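Written out below as structure tokens is the structure these notes cover.
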Amino acid sequence: MTTVILVLLCLAIGGRELYLASDKRLPRAQAELRELRNQVAELARRHDALKAVVDEATEPAGIPIPQSPPQAEAPPSEVVDRLDSVGGRVDRLEKQLGDISDDLAGLDLDRDAQHALARSLDAVEQDVQELHREMLDRLDREEGVVTGVLLSEEGEAEALLAEAYERCAAEYGLRVRVRDKRSGQATGTYWGTVYQLSGRRPEVLAEDLFSYVRGLYDPRDSSALNALLTELAALRGGGVAQFGPFTAVSTQSALVCGVLPDQDAPPAEPWQLVDHLRELPADRRSDLSWLRTDD
């Protein structure tokens, strides 16, 4: 589609040259045409580079997945390196997509051309999302993939929460693969980030986190998990931190953790989620409201 647009732009330039042949302002018009040609040439170069990255990243034989023996606890380092390579390709692809979008914003095109270019960029963005899905599918088969959520009211303490959340993830052997702030938005005034993390199976991770929480009695505990819970407890409004089924929810008066059943569809609002967690069996929930600084 982008190639067709480039051809149309070239034809438009040629037509304008013929039209301006008898214009008294020919030197100025020719200068404008040279500038437009340069912009079209730059767009064509970026399009070719982007297409090469997409073609390389979507090669079917790019990442062979060997069959691991059932007793293996960690994937072969070669497979992990190849998966990291795919992640790097996706990151480069997203950066080039952003660069092209910035260039197009300053390019004076007619409305039809702008719409066509927008459709082309949408197609490239879809390719990026498909690459993300392919990477996560492969990681899930090899290492395990955990979906994480981090929300706070009106984005309160977003940077501090994100730092504590990602440090906790690293402490439990997880690697951040995808951060999606757009889909992290919740109903009402709560927003944040949805994470895709690799390295652990969700059920095993949730049990490890919950076991630690149930044995937590010292607010000065030096673990990254306690640091995350402390940041949640310090929020003026509500907040949610999830690692797969493990969920920690803070409101103005409570901090509750629990392990949600697989089939559960939890409420979106933190104050409702607190009540939901408190309805879980006693061995699936833990009340840490004593961590709140106003208690």
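One is the number of the first residue; the rest follow in order along the sequence. For clarity, every value in this text was computed on a predicted model and none was experimentally measured.
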Checking Asp180 side chain against Val194 main chain: does a donor-acceptor pair fall under 3.5 Å?
no

With side chains defined as the heavy atoms from C-beta onward, is the minimum distance between Val213 and Leu209 less than 4.5 Å?
no

Does a salt bridge link Asp283 with Arg214, judged by any charged N lying under 4.0 Å from a carboxylate O?
no

Taken to the nearest 0.5 Å, the spacing of Asp140 CG from Gln196 CD works out to 9.5 Å

Counting distance only, does the side-chain N/O of Arg284 pair as donor-acceptor with the main-chain N or O of Gly258 below 3.5 Å?
no

So how far is it from Gln272 CD to Leu277 CG, rounded to the nearest 0.5 Å?
12.0 Å

Could you tell me whether the side chain of Ser289 and the main chain of Leu255 form a donor-acceptor pair under 3.5 Å?
yes

Shared ILVMFWY cluster between Leu160 and Val240, side chains joined below 4.5 angstrom?
no

For side chain to side chain donor-acceptor pair (under 3.5 Å), just list the numbers for Thr193 and Arg179, CA-CA rounded to whole Å, side-chain angles, deciding distance to a tenth of an Å, and then say yes or no.
CA-CA 6 Å; Thr193 304; Arg179 296 178 185 86; over 6 Å; no

Hey, is the main chain of Gly237 close enough, under 3.5 Å, to the side chain of Glu156 for a donor-acceptor pair?
yes

Reported CG-to-CG distance for the pair Leu228 and Leu161, which is rounded to 0.5 angstrom
7.0 Å

Can you tell me how far apart CZ (Arg285) and CD (Glu279) are? Round to the nearest 0.5 Å.
10.0 Å

Pairwise distance CG(Leu229) to SG(Cys257) - rounded to 0.5 angstrom:
5.0 Å

When you look at CD of Glu163, are more than 12 heavy atoms from neighbouring residues, nucleotides or ligands closer to it than 6.0 Å?
no

Could you tell me whether a side-chain N or O of Arg200 sits under 3.5 Å from a main-chain N or O of Ala206, the two making a donor and an acceptor?
no

Pro261 versus Leu280, closest heavy-atom pair with distance:
CD-CD2, 4.0 Å

Of Glu153, Glu231, Arg292, which is the lone residue that meets side-chain hydrogen bond (donor to acceptor under 3.5 Å, both in side chains) with Ser250?
Arg292

Say you draw a straight line from CZ of Arg177 to CG of Leu197; how long is it, rounded to the nearest 0.5 Å?
9.5 Å

How would you list all residue pairs meeting ring-ring contact (aromatic ring centres under 6.0 Å, His included) that involve residues 219-257, not counting sequence neighbours?
Tyr165-Phe243

Check Ala224 against Glu171 and note the closest heavy-atom contact, atom names and distance.
N-OE2, 3.2 Å

Using modelled atom types and a 3.5 Å cut-off, is there a donor and acceptor pairing between side-chain atoms of Glu166 and backbone atoms of Val176?
no

Can you establish whether the number of heavy atoms outside Arg201 located under 6.0 Å from its atom CZ is more than 12?
yes

Restricting to non-hydrogen atoms, name the atom on Leu235 and the atom on Ala157 that form the minimum distance, rounded to 0.1 Å.
CD2-CB, 3.9 Å

If you look only at pairs with a residue in residues 203-229, which of them pass as a ring-ring contact (aromatic ring centres under 6.0 Å, His included), with sequence neighbours excluded?
none

Treating Asn226 as the side-chain partner and Arg220 as the backbone partner, does any N or O pair qualify as donor plus acceptor under 3.5 Å?
no

Contact between Leu260 and Gln242 at the side-chain level, heavy atoms closer than 4.5 Å - yes or no?
yes

